[in-house]
Colleague: 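One structure, as structure tokens, below. Some questions next.
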Amino acid sequence: MRHILLALLLSLVGGVALAQGVDEAWLEGRLVSKTDKSPLVNALVALRTAEGKDTSFRTITDEKGYFLLKAIPGKYLLGASFVQQPIVLRPSLELRSGRLQLGVLPVELTRELSSVVVQRRAPLVRYEGTTLIFGEAAFAHARGGSVLDGLKLIPGLQLEGANTLKLYGLSEVTVYIDGRQQRMTKDEVIALLQSMSVSELSSVELIREPGVEYGGVTSPILNIKRKTVSEEGIKGFTSAIGTYQYLVSEQLSTRVNLSSGNSRSYISYAFGDRRKRETTTFSTGYTDDLRTDSRLSHQVGLGTDLTLGKRNTLGAQILWNYADENLKFTERMSNTLKWKNAYGTIYHTYRAERWVLQTTGEASQGSSDIRRGNPVVGVSNKDDNHFLRLAFAYAMRLSKVFTLYAGAEASHVAIDSKRTLATDKSTLREWDIEGYASLRFRTPRFFGNAGLRVAGEDRTGDLGTGIGSFSHSGMELLPYASLAYQPAQGHQVSLTYASSYTRPSYRDLLGYTSTASGLLTRGGNTQLATSYRRSLTLNYSYLRAAQLELSYVDTKDPVVEAITADHGTYALQRINLDYSRYLRALLILPIPIIHHGELSWTASTYLAAQRQWDAGRVASVDYSKTFNAYYAQHKHSLGTPSGWTAELGVTYYSSLMYGLYAMQRQWWVDASLSKRFGDLRVALAAHDLFNTNVARGAYELFSPAFTFERNWHSPRLQLTLSYSWGKKSLKTNEERTRHDDTKRLSTEANEGLNLSTQSPQ
């Protein structure tokens, strides 16, 4: 793989551009509303033959209404489509070799467009079945910032703490970039997103119920798609972040993008110096004054994408991460971690007229050195881990209605753990072989997807002397089905059934005892079973923004954390309950208050109500719990023509059960303010302004209950400076995404073939 990547980089440095053929014609212009001269964003611009037949020459306008279209010389009809309105721009147009500039094209729009403009500001979104796809204009208020700044504009998506993306405050989000899962820690994923400029975004897919092609991922998926940049040049993005939350933390990142000939490449670096304090007070009278002081992290990224003609694209990426963390519970109790990991991937896409084949290879190698407890008599572990994966994804358009998807993959995981003062090693070896097939259909009013994933695993491990070994192998069938119906324009109803499983982590199985805090130790459980999840979701959406969703989820053998007590000694241990079931209602209400040109004010409300049933056996005692929980969030977002953006929101959680812990209600206030000054963006954000986000709870399986109170020492203040730099010609062109022949099978025009799991761009 190193030789292949070296060859790719040499081709990049060579910078040999493909000469433009003499039979190419280029057409450019700008679409604006005839009434208020505002740009038409994400309008489809296409050429039809003089006889009225469709062609593959089409593109999408950017946030300024600009389009750049490549075709072959000939006579055409030039048309456009904006929010389902067909528009004839030129009934007769003759293209010759070279470039034809049409200038500004005023477009007469119907009165119905006022509601569509509201959709664009709330934000612009379309559906691909049950998947929401946010276009470039949805992130306009984050211009000049990072990709992470843009993602925070997606309704219901928020960053919890320093490294956890959550949807509607209920579900953690898995991040994909260009269809590839980012197999890193949450800290490393956030660092990567902060190093990328939002100007690189083409669109973002929010996949709330992942299908069989996503390899058993149970959480919602954010698939971030980057633009295709055609003209040569260099553009960079640099950001500096300072955070105060009792202690001061810093992060600095920079990324350089280079487009040369038929290649796109980048190199990035991120440095973090994070400090924080958390205080946990237990009913025993013991207090953990937990301090991270500090966590130093480095991330280096290198990647390239090559377009090899009309049918082939090839790409590669390498990421290297290093972290050195010092975690203190007391003066004599601490954890010290040194972690490093190298991850590489290479991917190839072949496109034919009616089918696409994608091949992906991934590998990673990491190691960690952990010291726990008293520095004099502490326990340390040295771990080495390896990961390999080879995957194939195939899609074929059977007709205008049906598309077939299929794929297979094989992966291998190897972990070796050595504990000081021990004579043997703990090991894990895991093989996974999986395959899937799904059939999708689309009509003007219906969209359906039915699929099946077959997952086979073989896990073996040796947990050391006195603990023994474990082994598990088997095969699972994971069906998936969804059906979406549009009874009228702006309305959609969907029904989705999904199934997935979650294997116990190696750390939860491992049978040694480690320090979890100054009071609590952590033990392993070799008897943990795989958890299986089945869900049924009914969703109604209005104008692709407001939603009402009812969902029922049944999880067999869920993994929860229990506390054991023995003569004043407390330990944490993962166990399986028999089941956990819940019925949830979710209401999403984005309300546009003002929209006038670049001035917009939107209020958004998210409400959730849940009834849950848990049962199982905990420490030889039958456990059963039924409870109700509620969640509410209300936010206001204001954007002005001068580049100011402001947000203010309040979040509330009712009392609820978090696993086996009874948690009291929580609420907090968030606020942010940002301003663009040309290529510089300044943002100030505050979390928990009134220091109300304190977690209070109890483990009620003891008598008396084992209570605790955790204070994150809010509020948190964060100042971010972002600066974009590089050639002006490239900056302009990067907003003019060209959808040429390599994008013919994408879904930018709401048609064609889409491989959302393995996009090459």
Colleague: Do Gln547 and Arg208 meet the criterion of a side-chain donor-acceptor pair at a distance under 3.5 Å?
Modeller: yes
Colleague: Would Glu353 and Arg311 count as a salt bridge (Lys or Arg N to Asp or Glu O under 4.0 Å) if you check the C-alpha gap in whole Å, the side-chain angles of each, and the deciding distance to 0.1 Å?
Modeller: CA-CA 9 Å; Glu353 182 178 356; Arg311 299 188 181 276; over 6 Å; no
Colleague: For Ser219 and Ser171, which I'm curious about, is there any donor-acceptor pair between the side chains at under 3.5 Å?
Modeller: no
Colleague: Residues in ring pair (Phe, Tyr, Trp, His ring centres under 6.0 Å) with Tyr350, at least two apart?
Modeller: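 With sequence neighbours excluded, Tyr350 shows a ring pair (Phe, Tyr, Trp, His ring centres under 6.0 Å) to Trp355, given in chain and number order.
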Colleague: Within the structure provided, determine whether Leu78 and Val45 are in side-chain contact (heavy-atom separation under 4.5 Å).
Modeller: yes
Colleague: Could you check whether any side-chain heavy atom of Val454 comes within less than 4.5 Å of a side-chain heavy atom of Met475, counting everything from C-beta outward?
Modeller: yes
Colleague: Would you check if Val88 and Arg90 make a side-chain contact, meaning some heavy-atom pair closer than 4.5 Å?
Modeller: no
Colleague: Would Arg255 pass as a cation-pi partner of Tyr266, given that its NZ or CZ must be under 6.0 Å from the six-membered ring centre and within 45 degrees of the axis?
Modeller: yes
Colleague: So, taking the atom named CD in Gln317 and the one named CG in Asp178, what distance separates them when rounded to the nearest 0.5 Å?
Modeller: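 That separation rounds to 9.0 Å.
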Colleague: Out of curiosity, Phe67 CZ to Asp62 CG, how far, rounded to the nearest 0.5 Å?
Modeller: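 The CZ atom of Phe67 sits 11.0 Å away from the CG atom of Asp62.
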Colleague: What residues form a side chain to side chain donor-acceptor pair (under 3.5 Å) with Ser541, not counting sequence neighbours?
Modeller: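 With neighbours one apart ignored, the set is Tyr127.
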Colleague: Which pair of heavy atoms, one from Ile234 and one from Leu258, lies closest together, and at what distance?
Modeller: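 The answer is CG1-CD1, 3.5 Å.
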Colleague: Angle class for the Tyr214/Tyr176 ring planes (parallel below 30°, perpendicular above 60°, tilted otherwise)?
Modeller: perpendicular
Colleague: Have Tyr343 and Glu362 got a donor and an acceptor in their side chains that come within less than 3.5 Å?
Modeller: yes
Colleague: Mind checking whether Gln182 and Glu188 have side chains closer than 4.5 Å, heavy atoms only?
Modeller: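 A side-chain contact is absent here, since even the closest heavy-atom pair is not under 4.5 Å.
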Colleague: Distance alone, cut at 3.5 Å: any donor-acceptor contact between the side chains of Asp305 and Tyr347?
Modeller: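 Yes, Tyr347 and Asp305 have a side-chain donor paired with an acceptor closer than 3.5 Å.
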Colleague: Suppose we screen for ring pair (Phe, Tyr, Trp, His ring centres under 6.0 Å). Which residues come up paired with Tyr497, at least two apart in sequence or across chains?
Modeller: none
Colleague: For the residue pair Ile72 and Tyr76, what are the closest heavy atoms and their distance?
Modeller: O-OH, 2.8 Å
Colleague: Is there a ring-ring contact (aromatic ring centres under 6.0 Å, His included) between Tyr542 and His491? Walk through the geometry before answering.
Modeller: CA-CA 5 Å; Tyr542 175 66; His491 300 262; 5.0 Å; yes
Colleague: Does any part of the side chain of Tyr436, heavy atoms only, come nearer than 4.5 Å to the side chain of Glu409, both counted from C-beta?
Modeller: no
Colleague: Walk me through it: do Glu476 and Arg533 pass the test salt bridge (Lys or Arg N to Asp or Glu O under 4.0 Å)?
Modeller: CA-CA 12 Å; Glu476 300 299 332; Arg533 178 180 182 271; over 6 Å; no
Colleague: Less than 3.5 Å apart, any donor N or O on the side chain of Ser199 or Lys235 sitting next to an acceptor on the other?
Modeller: yes
Colleague: Taking Ile207 as the fixed residue, which of Thr174, Leu132, Val173, Ile221 is the one that meets the side chain to side chain contact (heavy atoms under 4.5 Å, CB included) rule?
Modeller: Ile221
Colleague: Please answer whether the main-chain N or O of Pro479 pairs with a side-chain N or O of Ser499 as donor and acceptor at a distance below 3.5 Å.
Modeller: yes
Colleague: Could you give the distance from OG (Ser494) to CG (Leu483), rounded to the nearest 0.5 Å?
Modeller: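 Going from OG on Ser494 over to CG on Leu483, the span is 8.5 Å.
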Colleague: Taking the side chain as every heavy atom from C-beta outward, state whether Arg30 and Lys64 have any pair of such atoms under 4.5 Å apart.
Modeller: yes
Colleague: Using only heavy-atom distances, determine whether the side chains of Ser263 and Ser265 contain a donor-acceptor pair under 3.5 Å.
Modeller: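 Ser265 and Ser263 do not have a side-chain donor-acceptor pair below 3.5 Å.
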Colleague: What's the shortest heavy-atom distance between Ser399 and Arg354, and which atoms?
Modeller: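 Heavy atoms only, the tightest pair is N-NH2, 3.7 Å.
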Colleague: Decide whether Thr496 and Ser482 meet the rule of one side-chain donor and one side-chain acceptor closer than 3.5 Å.
Modeller: no
Colleague: State whether the number of non-hydrogen atoms from other residues, nucleotides or ligands found under 6.0 Å of Ile433 atom CD1 is greater than 12.
Modeller: no
Colleague: Using side-chain heavy atoms (C-beta onward) and a distance below 4.5 Å, is Thr49 in contact with Thr55?
Modeller: yes
Colleague: Does the side chain of Leu308 come within less than 4.5 Å of Thr313's, by heavy atoms?
Modeller: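 No, too far: nothing below the 4.5 Å cut-off.
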Colleague: Output yes when a side-chain donor or acceptor of Arg99 lies under 3.5 Å from a complementary backbone atom of Trp26, and no otherwise.
Modeller: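 Pair absent, no side-chain N/O of Arg99 close to backbone of Trp26.
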Colleague: Side chains of Thr537 and Glu209: any donor to acceptor distance under 3.5 Å?
Modeller: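 Yes.
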